[in-house]
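Treat the numbers as computed from the prediction; the structure is a model and nothing was measured.
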Amino acid sequence: MTSTTRVVVIGGGMAAARLAGQLSAAGAAGAAGAAVDLTVIGEEPYGPYNRVLLAEVLAGRYGPEVTALPEPSAARWSRGVRAVRLDRAERLVLCDDGSSVPYDTLVLATGSNPVLPPLRGLFPAGGDREPPRGVHPFRTLSDCRALAEEARPGTRAVVVGGGLLGVSAARALAGRGVHTLLAHQGERLLERRLDPRASALLRDHLEDLGVEVHTECRVRGLEVRTDGTGRRAVSAVALADGHRLETEIAVVACGVRPRVGLARAAGLEVREGIVVDDGLRTSDPRIHAVGDCAEHGGVVYGLAGAAQDQADALARVLLGDAAAYTGTRALTRLTLAPPTGGPGRTLDLAVFGETVPRPEDDVVHLADATRGTYRKVVVRGDRLVGGILLGDLGAVGTLARTWEGDEPLPSAPLLHLIANDGGL
C-alpha cells in the first residue's frame, strides 16, 4: 500500500480486532505503505471481546467487561450492523441498515455459527425460527448473558453435546448451583481430542463438580409448553430410548459451522470454509478471509490462536511484507475450575498435535490417580509430534513450546519430559 487504501473488515470478533490493532499500530508507527482507511462492520451490539473467557463469565468468575478487547481508535466501528451482500463489481458491502461501504480491500472475518441439530420441538412448523424460551446455544456474549439470567441456583439444565463447548458450559452452570446434566451421543467426552484414559478422568472431574454425565445418549427432541406470556418454553429433553429429562434450560452445544453465506452468494470458492491461499486471499484477490470462516490448506481451525495467527499474517501481507501464512500448530487449552470459594480442584487440559501414534512412534504415559493427572506424549524421531496433558499443570510450558517450534527434543530420557513439573 503506497497510498491510502480503504480496508473493510466484516466481522467484529477476535480476528477482526487483532487485524485492526496490527494495522492501526503500523500506521501509528509510520511504517512504509501503512496508510489505511479502516472500517469494521460488526453484527453484534458489543465491541470486540475474548470469547475464550465466556465460560468464566457464565460461571460468575468474571464480569463481562473482563472479556473486552482493545478497539483501535484509528478504525471506524459499525456495531449492530449486518452485511447482507457483496457487490464485487462495484466493490461495495451492502448492509441491513441501508448503507453501502466501498472497499479497495475486503476482509471476511465472519466467524462461525453454532450447529443446531434437527431436534423435534426446536423450531415449530410455520417458519418461526425462534427457539423455545430456555433453549440456548453457547457461542456469543449474548448467549452467555441470556444463560446467566436463567441460571439460578436449583434450576435444572441439560447440556446437549460433550465437546469443548458442552463441557465448558456444563462446568460453568454447575458452578452457579444449577442441577446440570450433560448428554453426549458419543462413547466418551471430547472423543476427537482425548484418548479413553484422559476422557475418563475428565468425566470424573465433571462429576466431582456436580455434573451428571451421560454418554452414548442420543437426544431425539424437546418437549415444550406454553408459559404465562403465551410463549413456547422448554419443559423436557426427550431421549431416543424413550426417557425424558425434565428441565428449564437446554444448552445446545453440538459444534460450530463456518459462516460462509456472504462468500458463497458472492461467488467465492467455498468448501467447508472460505478457501484462502498463503496470503489469506480468496478466489477474488481483493478479498481475504481470516478466522473461523477461513479454510487454509484444507483446514478450518476454529480456534482463537489460529485466528490471531491469520490476522497477524494478513496484516503483514496488507502492509507489503512478503511473509505468508503457512498454517498454525494449534493447541487446545481448557481449564475447569471449581466454584469460587467452593470445594474441589482445578483441572487443566492441553491437547496438541497427533495424539494417535504411528507404529514406529515412541509413546510415554504417566498417570497419577491420587493427583488426578494424566500425561501422554508421542515422539517421532527427535521431534515431539503430539500430547495430552491433563491435571493441575499450572502452565503447559516447555513441552508445548518445543512442539510449537518443531524443535529437536533434549537428550533427557522421555519419561523425564513429562515427569518434571518444572517443565510443564
Task: Within residues 293-312 or reaching into it, pairs that qualify as ring pair (Phe, Tyr, Trp, His ring centres under 6.0 Å) - sequence neighbours excluded - done: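 Every ring pair (Phe, Tyr, Trp, His ring centres under 6.0 Å) pair that includes a residue of residues 293-312, provided the two are not neighbours, is H296-Y325.
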Got a sec, which residues hit salt bridge (Lys or Arg N to Asp or Glu O under 4.0 Å) with [X], two or more places apart in sequence or on another chain?
| X | answer |
| --- | --- |
| E248 | R156 |
| R51 | D292 |
| E43 | R259 |
| E269 | R271 |

Please enumerate all residues that pass side-chain hydrogen bond (donor to acceptor under 3.5 Å, both in side chains) together with [X], with sequence neighbours excluded.
| X | value |
| --- | --- |
| E404 | none |
| R145 | Y46 |
| D104 | R6 |
| T39 | R76 |

- [ ] Give a yes or no answer on whether the side chain of T155 reaches the backbone of A151 with a donor-acceptor pair at less than 3.5 Å.
- [x]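 No.
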TODO: Indicate yes or no for a side-chain donor-acceptor contact from S168 to the backbone of L165 under 3.5 Å, with no hydrogens or angles considered.
DONE: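 No; judged by distance alone, with no hydrogens or angles, the pair does not exist.
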TODO: Applying ring pair (Phe, Tyr, Trp, His ring centres under 6.0 Å), name anything that partners W77, two or more places apart in sequence or on another chain.
DONE: none
TODO: Quick one: which residue pairs count as a salt bridge (charged side-chain N to carboxylate O under 4.0 Å, His left out) with a foot in residues 307-317, not counting sequence neighbours?
DONE: R18-D312
Task: Inter- and intrachain pairs under salt bridge (charged side-chain N to carboxylate O under 4.0 Å, His left out), touching residues 186-203, at least two apart - done: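 Salt bridge (charged side-chain N to carboxylate O under 4.0 Å, His left out) check on residues 186-203 returns D195-K376, R203-E207.
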Open item on the list: What's the separation between atom OG in S99 and atom CD1 in I41, rounded to the nearest 0.5 Å?
Closed with: 6.5 Å
